[in-house]
Every structure is written in structure tokens, then in C-alpha cells.
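What follows is a short report on a single structure.
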Amino acid sequence: MEKKKILFVCLGNICRSPMAETIFEALLKEHNLQEYYEIDSAGLDNYHEGEAADKRMREHAYQHGYHITHKSRHVKTADFDYYDLILGMDDQNIRGLKSRAVSDDRIKKINRMTNYCTQFIEADAVPDPYYGGDAGFQYVIELLQDACKGLLLEVEGERKQASR
Ligand code: 4NP
């Protein structure tokens with residue numbers, strides 16, 4: 001069976017989406033599911049193209065046992081065809097993605113990361129931590145751990161259904 005391809009998207013691709021990618025990758029590893037998924041992350045702007053993730057995000061990640069290795073890249077038109085699921089972190093990301101997706105087939109692939117939360121069910125965004133302090137980075141990790149677990153449950157449910 002073909003791998004399910006998931007792209008995590010935020011604005012700069014140096015804080016939230018590389019963190020989401022790293023947490024989801026860790027979950028796949030923990031459950032020995034890496035062979036079924038291909039994942040990446042990207043940003044809607046290209047201000048940080050080629051850069052490592054924000055030092056503050058990397059340090060908070062490290063405190064939780066995660067190691068972010070991703071280098072920032074911007075979302076490309078080809079991503080909308082290549083990936084099966086394109087997940088934005090907030091409504092601004094969703095609007096940016098929809099405006100670039102153009103066709104209905106591509107728009108259907110877009111969803112908001114917090115829609116997969118099962119604990120932070122009131123959350124309607126993974127807020128941009130860039131101009132804030134430590135608490136913002138900590139919250140990003142907590143939200144993304146919840147959303148990534150919910151996402152894995154959903155996509156694994158679909159995969160098992162399809163393989164019956
Ligand atoms: P991210 O955070 O979208 O979670 O990577 C940001 C990073 C950089 C900027 C904004 C948000 N910036 O304006 O440079």
C-alpha cells in the first residue's frame with residue numbers, strides 16, 4: 001500500500017510545524033508505524049528558508065525529549081498534489097493554504113491541526129509563539145502532543161479500514 005503523506009504547515013516553518021512534524025515522527029517511531037507514512041513540514045512565507053528551527057522551539061522540544069532537525073522551506077504548488085493531508089496551525093494558515101490550493105480537490109486536503117485534539121477540545125489554533133515567551137512554546141508542545149495523538153488515531157483508523 002502507498003504511504004499516506006502528511007504535510008504540517010505554519011507561517012515561518014521554524015516553530016510550530018517543525019514541532020508538529022517531530023512529535024508525529026516520534027509517535028510513528030514509538031508505535032513502529034514509520035513504513036506507512038511520509039511526513040514533512042513547510043511554511044507559507046519564505047523569510048526563514050533553509051534555516052534550522054527557532055532556538056527557543058528547539059530548546060523547549062529538547063526538554064520534552066524531542067530533537068528537531070528540519071530546515072525551513074516554503075509551501076510549493078506541487079505539495080498540494082503530492083500530499084494527502086495538509087494541516088495548518090491557525091485560521092491564517094488555513095486561509096493562506098486555501099488561497100494557494102486553487103482547485104476543490106486540493107482544498108479538500110486542508111484541515112486545521114487543532115481539529116484532531118481530544119483533550120484541548122476548545123482550542124481553535126496552535127498560536128504563533130514567535131513574539132511571546134516560554135509559556136507560548138510550552139503550550140505549542142502540549143497542544144501538538146494532543147493533536148498528533150488524535151491525528152494518528154484517525155489516520156490509523158482509516159488505514160486499518162482500507163486494509164480489511
Ligand atoms: P511559525 O512561527 O509560523 O510557528 O514558524 C513564526 C516564525 C517566524 C515568524 C512568524 C511566525 N516571523 O514573522 O518571522
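As a basis for the values below, the full set of heavy atoms in this structure was taken, side chains included, without hydrogen atoms, waters or symmetry mates. Counting starts at 1 for both ligands and their atoms, following the listed order.
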Contacts for ligand 1, heavy atom under 4.0 Å, by chain and number, are Cys10, Leu11, Gly12, Asn13, Ile14, Cys15, Arg16, His48, Asp128, Tyr130, Tyr131
Q.
Would the distance check show the side chain of Asp54 and the main-chain N or O of Ile14 forming a donor-acceptor pair, the cut-off being under 3.5 Å?
A. no
Result for side chain to side chain donor-acceptor pair (under 3.5 Å) between Asp79 and one of Arg106, Arg100, Arg73 points to Arg73
Is there side-chain contact between Asp40 and His70, with at least one heavy-atom pair below 4.5 Å? yes
Gln63 and Glu59: side chain to side chain donor-acceptor pair (under 3.5 Å), yes or no, with the steps?
CA-CA 6 Å; Gln63 285 165 20; Glu59 283 173 357; over 6 Å; no
Regarding Asp146 and Lys149, does a basic nitrogen lie under 4.0 Å from an acidic carboxylate oxygen? no
What do the steps show when you test Arg16 against Asn93 for side chain to side chain contact (heavy atoms under 4.5 Å, CB included), and what is the final call? CA-CA 11 Å; Arg16 294 166 291 174; Asn93 299 160; 4.3 Å; yes
